[in-house]
Amino acid sequence: MAIAFTKYHGLGNDFILVDNRQQAEPCITPEQAVDWCDRHFGIGADGVIFALPGQDGTDYTMRIFNSDGSEPEMCGNGIRCLARFIADLEAAETGSPRPVYKIHTLAGLITPRLEADGQITVDMGLPRLLAGEIPTTLAAPEEKVVNLPLEVAGQTWQVTCVSMGNPHCITFVEDVATIPLAAIGPQFEHHPAFPKRINAEFIQVVRPDYLKMRVWERGAGITLACGTGACASLVATVLNSKSDRRATVELPGGPLLIEWSEADQHLYMTGPAQKVFSGTAL
Ligand code: ZDP
């Protein structure tokens, strides 16, 4: 069956967007998503994102399949792409897209806002810090995991764990450029301490308001950017008294501005989302 799609990226984290507003379930299977994401035999992307009808009073629902077919709870760069995609759909249909959308996700309500300068700011909600919420067995379920030792690849790493709806494990390093990410990333992802696997971020604190990050993503491997990972990393740097509550996080694909609000304790992420091309998958 021919299915129309549009490809977008947020800082090189690229997604195939599908207008799935006619039905509540994604119109392709996880197995098809794996084929679509293949960079040689398919369209090529880090994931497939579906714009579904809203629920619980929201405007739309977002679901996403990673490039390995697994389904994450949330996706920060992806929801900026979704907001741009919806705005493009609404502009074509009504001529006047709304600037703010309430999006239902498996991580709860997420609210992207289109800014006048073309950037998108997303209210990413509250971080979750308890080991049971991550989930991880590195501490008792009601305890936080801040600067605790984890054995990976014959080395002891001091890690901090944060959930943005999806699970993240953050490690501070002197120099992100020298981390053997392709070798150690899978060993973090599949470590038995993480029953739902993990996204692994490596952070170099350049200044309290400027962090450098590299990421190994659960279900997608090395990617150029990870919005939930940048938010989780800012929370981890604050918990370790290494950064301000507002910082630029520089990813291989470019910078995101992240703020952990004092007022409502939500994470706010500002960054771009760009359309690349539209097509039909056969
Ligand atoms: O949690 C996971 O399985 C991630 N691979 C989801 C995707 C995260 C993403 N890169 C982001 O920007 O938050 C899309």
Side-chain angles (χ1 to χ4, degrees), residues 7-17 28-50 63-81 106-107 134 136 150 152-155 157 159 161-171 173 175-204 211-233 236 249-254 256 271 273 276:
K7 208 178 128 171
Y8 288 74
H9 77 89
L11 300 180
N13 196 195
D14 56 346
F15 301 99
I16 301 161
L17 277 288
I28 69 165
T29 62
E31 293 74 28
Q32 281 174 296
V34 173
D35 293 341
W36 283 21
C37 288
D38 189 290
R39 294 193 184 276
H40 300 290
F41 294 92
I43 300 160
D46 292 326
V48 181
I49 293 177
F50 306 89
R63 285 182 60 188
I64 167 174
F65 294 146
N66 283 320
S67 55
D68 76 348
S70 60
E71 180 170 11
E73 302 81 353
M74 234 305 270
C75 175
N77 287 314
I79 206 158
R80 295 200 316 278
C81 292
L106 295 179
I134 304 295
T136 176
L150 176 71
V152 177
Q155 244 180 287
W157 308 75
V159 304
C161 294
V162 176
S163 170
M164 290 303 305
N166 58 349
H168 296 271
C169 172
I170 296 95
T171 307
V173 297
D175 181 359
V176 280
T178 59
I179 291 295
L181 195 54
I184 60 175
Q187 299 190 47
F188 275 85
E189 179 183 357
H190 297 284
H191 195 287
F194 305 118
K196 290 193 176 164
R197 301 192 280 152
I198 203 84
N199 295 285
E201 284 83 19
F202 298 89
I203 296 292
Q204 177 181 347
L211 316 176
K212 277 191 188 177
M213 168 178 145
R214 286 176 74 201
V215 57
W216 176 272
E217 274 190 39
R218 177 182 68 170
I222 293 176
T223 61
L224 295 179
C226 179
T228 50
C231 291
S233 295
V249 182
E250 186 193 311
L251 302 135
L256 287 173
V276 190

Do the side chain of [X] and the main chain of [Y] share a donor and acceptor less than 3.5 angstrom apart?
X: Asp14; Y: Asp46; result: yes
X: Asp175; Y: Ala177; result: yes
X: Glu189; Y: Gly219; result: yes
X: Gln187; Y: Val152; result: no
X: Arg218; Y: Asn66; result: no
X: Asn199; Y: Pro167; result: yes
X: Lys7; Y: Gly44; result: yes

Provide the closest heavy-atom pair for [X] versus [Y] in the form atom of the first, atom of the second, distance.
X: Arg39; Y: Ala45; answer: NH2-C, 3.4 Å
X: Leu181; Y: Pro186; answer: O-CD, 4.0 Å
X: Gly69; Y: Pro30; answer: O-CB, 3.3 Å
X: Cys169; Y: Leu150; answer: SG-CD2, 4.4 Å
X: Val48; Y: Ala33; answer: CG2-CB, 3.8 Å
X: Glu217; Y: Cys226; answer: OE2-CB, 3.6 Å

Give, for atom [atom1] of [X] and atom [atom2] of [Y], the distance between the pair rounded to the nearest 0.5 Å.
X: Cys161; Y: Ile134; atom1: SG; atom2: CD1; answer: 5.5 Å
X: Arg197; Y: Ser70; atom1: CZ; atom2: OG; answer: 4.5 Å
X: Thr228; Y: Met74; atom1: OG1; atom2: CE; answer: 6.5 Å
X: Ile49; Y: Arg63; atom1: CD1; atom2: CZ; answer: 13.0 Å
X: Phe15; Y: Ile64; atom1: CZ; atom2: CD1; answer: 5.0 Å
X: Leu251; Y: Thr223; atom1: CG; atom2: OG1; answer: 8.5 Å

Problem - Minimum side-chain heavy-atom gap Leu256-Arg80 below 4.5 Å - result: yes
Problem - Side chains of Leu106 and Glu71 in contact at under 4.5 Å (non-hydrogen atoms) - result: yes
Handout entry: Ring centers of Phe188, Trp157 separated by less than 6.0 Å
Key = yes
Exercise for the section: Test side chain to side chain contact (heavy atoms under 4.5 Å, CB included) on Ile28 and Phe50 and set out the steps. Expected result: CA-CA 9 Å; Ile28 69 165; Phe50 306 89; 3.5 Å; yes
Problem - Pairing residues for Arg214 by the salt bridge (charged side-chain N to carboxylate O under 4.0 Å, His left out) criterion, not counting sequence neighbours - result: none
